[in-house]
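The block underneath contains the structure these notes are about, expressed in structure tokens.
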Amino acid sequence: MASNADLSALFEEFASILEILGANKFKVIAFQKVARALDAMADDAATLAATKGALEAIEGIGASSAAKIREYVETGTIAELDELRFQVPPGLRELLGISGIGPKTISLLWKERGVTDKTTLKAKLATGELAGIKGFGEKKLQNIAEALTLAEQSAGRIRLGAALPIAEAVVERMERVPGVQRVAYAGSLRRGKETIGDVDILCASSDPPSAHAVFRSMPEIVKVLVSGDTKTSVITSRGVQIDLRTLPLASFGAALMYFTGSKEHNVRLRERAISMGYRLNEYGLFVDDGKEGPQHRGIEPVVSATEEEVFAKLGLPWVPPELREDRGELAQAMPKLIELGDLKAELHAHTRASDGSMTIDELILAAQAKGFHTVAITDHSKSSFQANGLSPERLREHIKAVHEAAARHPTMTVLAGSEVDILIDGRLDYEDELLGKLDIVVASPHASLRQETAVAMKRLLKAIEHPSVRILGHPSGRIVNGRSGLDLDVRELVAAAKEHDVALEINANPLRLDLRDSHVKAAMEGGALLAINCDSHERDNLDLARYGVLTGRRGWLTAERCVNTWDRERLRRWLKRG
DNA sequence: GCCGTTTTCGGCCCGACTGTTTTCAGTCG
């Protein structure tokens, strides 16, 4: 069975081989776009392949790519790709991932000096064999050597939960630099992506050199990659790349749009600008006079100061950053997305009874401090013995303890619940009689997370159909940058959740973010309810909610469809089924 | 390779920084 991820990887491979071979760059971009489309889509491409025209209907996938997908689904191979693989040493592809080394460089290293992978590159750098290639000076070779070392030390794509605090700290530091008028982080971080390649910081300043100097001298910097009048890139001791861009305050809005991206979204915007007789860049929206670089020719932009103005001049409403992925955000009416302040309940939290560090009372107070009206105590069930899951006897005691604690906090609605393991065959981890005593059941998969899709779906659907279950917790069990978890048939999951009035959780812990953004979009399209829960284990874990909200917003989530935003009575009625 | 209320062919976003190039190519985002 060909998963979307498999197919996406094949098209990535197509693109990278063609790139090294020096094929038409637009063809390369087209294949990369197909790879992204496959990765982001909720439907199963292999299933769509059976329906005539279904693949071709997807933006970015044309007749040629559709045929390749069908060929792979039917034969398990793509003849054209097999042929290409013969033409390029497989080890060259990994060199493409090294920052600063591109396809042209790789091609020359290969053809002129027989470099075939990282190992031969390193060896030939050491022996000096690479000298004398046309266009390769001493500095360039030195940069290649450093890039290779940096790639080995690089943290790769880091999780949202790691990147956001780094960015906020840099923003705070830059705000104190004399001459600085405004600072913001941009890039995929501002879009709330689950992993971040590098941190982009924008800075409006009357004294850019000072801003760059301060930025370069931050204590955690181990290497300055580039530094010019408007751009400095550095690497921190933890292997994270941070880029600083300085710009005039007057163009802050245009720059914020430009550097927030995504790339595809920007391309769409610029195409739109062209069709309206404009030229859009990071300095503003200009009347197009057919010549490049209007900002260098003393031409004033039509608009540039704020994002709202630029969008408006392009005939568009302001688009929330989380939606800027070229997934229809410029073409269709956007909903009012959920906001952090909309959350009024935490429905998945652990205490010392299982593997949390807070007492029941501490958890209630933490929820109260967030302005919530409801908190659910949902410790682990017995099969999660690694998490000190509760035996039926302990759970009965715990329910009593929760009720007693609830009496001490009369303004809060405190629910006695459980995060019940969904066992390997879909049965729940407690008897129905005991489940019936709970105010809320969050059913979650914790073990056997490598099941085939069909088996996993049967398991999850059985849990959804159980009359006690109200929330399906972290449905896939994936760990961002860790394990892929269950390969869900999201459409099927969403349909079942809707039918049985079960909310699908967006687990806000940045390690999980499960459901992920594209799954949330599918849930929104399919009419299911969602829940944003912090899965609190430690003090301050309720602060993780923002990552769940970002993920929800990326999936076009509205407050109305998220049960955590409902008022106390509505939530209570929903929990008391029927 | 993809796409189309100007196009089924001819486009396909735009600028900064670096190195080695005396006018630009490669790379990045």
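Backbone-only contact: A:Asn143 has heavy atoms under 4.0 Å from sugar-phosphate atoms and none from a base. Within the 4.0 angstrom heavy-atom criterion, only backbone atoms of the sugar-phosphate kind lie near A:Gly60; the bases stay farther away. Heavy atoms of A:Ser233 sit nowhere under 4.0 angstrom from any nucleic acid atom. Base contact: A:Phe26 has a heavy atom under 4.0 Å from a base atom. Across all strands, A:Leu269 comes closer than 4.0 Å to no nucleic acid atom at all (heavy-atom distances). Residue A:Gly135 is in sugar-phosphate contact alone, with no base atom involved, counting any heavy-atom pair closer than 4.0 Å across all strands shown. Counting non-hydrogen atoms under 4.0 angstrom, A:Ile98 reaches the backbone sugars and phosphates but no base.
Pair assignment for B:dC17: B:dG26, on the basis of Watson-Crick or G-U wobble contacts that are both within less than 3.5 Å.
Other residues, nucleotides and ligands contribute at most 12 non-hydrogen atoms within 6.0 Å of the CZ atom of A:Arg238. The 12-atom threshold is not exceeded at NZ of A:Lys313, counting heavy atoms of other residues, nucleotides or ligands nearer than 6.0 Å. For A:Lys122, the NZ atom sits in a loose shell: 12 or fewer heavy atoms of surrounding residues, nucleotides or ligands are nearer than 6.0 Å.
Distance from the side chain of A:Arg245 is smallest to B:dG29 among B:dG29, B:dG1, B:dC14. Candidate nucleotides B:dT18, B:dG1, B:dT27 were compared by shortest atom distance to the side chain of A:Lys68, and B:dG1 ranks first. Listed candidates were B:dG1, B:dA16, B:dT27. Nearest to the side chain of A:Tyr283 is B:dA16. Picking from B:dG15, B:dC17, B:dG1 the nucleotide with the shortest atom distance to the side chain of A:Val226 gives B:dC17. Of the candidate nucleotides B:dT20, B:dG1, B:dT27, B:dG1 has the atom nearest to the side chain of A:Ser64.
Whole-Å rounding puts the A:Ile29 CD1 to B:dT27 P distance at 14 Å. Summarising the geometry, the separation between NZ on A:Lys263 and P on B:dG15 is reported as 15 Å, rounded to the nearest angstrom. In this entry the distance linking CD1 of A:Ile101 with P of B:dG29 reads 13 Å, nearest Å. Here the P atom of nucleotide B:dC12 and the CD atom of A:Glu59 are 17 Å apart, to the nearest Å. As a whole-Å value, the separation of A:Arg216 CZ from B:dC17 C1' is 14 Å. Rounded to a whole Å, the NZ atom of A:Lys231 is 9 Å from the C1' atom of B:dT27. Across the protein-nucleic acid pair, A:Phe136 atom CZ and B:dG26 atom P stand 10 Å apart, rounded to whole Å. Between A:Glu282 atom CD and B:dA16 atom C1' the separation is 8 Å, expressed in whole Å.
Residue A:Thr230 places at least one side-chain N or O closer than 4.0 Å to OP1 or OP2 of B:dC17. Between A:Thr105 and the phosphate of B:dT27, there is a side-chain N or O to OP1/OP2 separation shorter than 4.0 Å. Here A:Ser65 reaches the OP1 or OP2 of B:dC2: one of its side-chain N or O atoms lies under 4.0 Å away.
Between A:Leu121 and A:Leu130 there is a side-chain heavy-atom pair separated by less than 4.5 Å.
Using atom C1' as the reference point in both B:dT5 and B:dG1, the two lie 24 Å apart (nearest Å). B:dT18 sits 15 Å from B:dT23 when the C1' atoms are compared, rounded to a whole Å. A gap of 13 Å separates the C1' atoms of B:dT7 and B:dC12, to the nearest Å. The separation of B:dT20 from B:dG15, taken at their P atoms, amounts to 26 Å, rounded to a whole angstrom. Only the C1' atoms considered, B:dG10 is 31 Å distant from B:dC17, to the nearest whole Å.
Distance check: A:Ile106 CD1 to A:Leu95 CG gives 5.0 Å after rounding to the nearest 0.5 Å.
Inspection of the A:Ser251 and A:Ser304 side chains reveals no N or O donor paired with an N or O acceptor under 3.5 Å.
Looking at which nucleotide of DNA chain B each of A:Gln241 and A:Ala30 is closest to, the 5′-most match is held by A:Ala30. For the pair A:Glu138 and A:Asp198, both in contact range of DNA chain B, the more 5′-proximal nearest nucleotide belongs to A:Glu138.
A donor N or O paired with an acceptor N or O is found under 3.5 Å between the base of B:dG29 and the side-chain atoms of A:Tyr258.
Base orientation of B:dT5: anti, since the glycosidic angle falls outside 90° of 0.
Geometrically, A:Lys68 does not engage A:Phe31 in a cation-pi contact, judged by NZ or CZ lying under 6.0 Å from the ring centre and within 45° of the ring axis.
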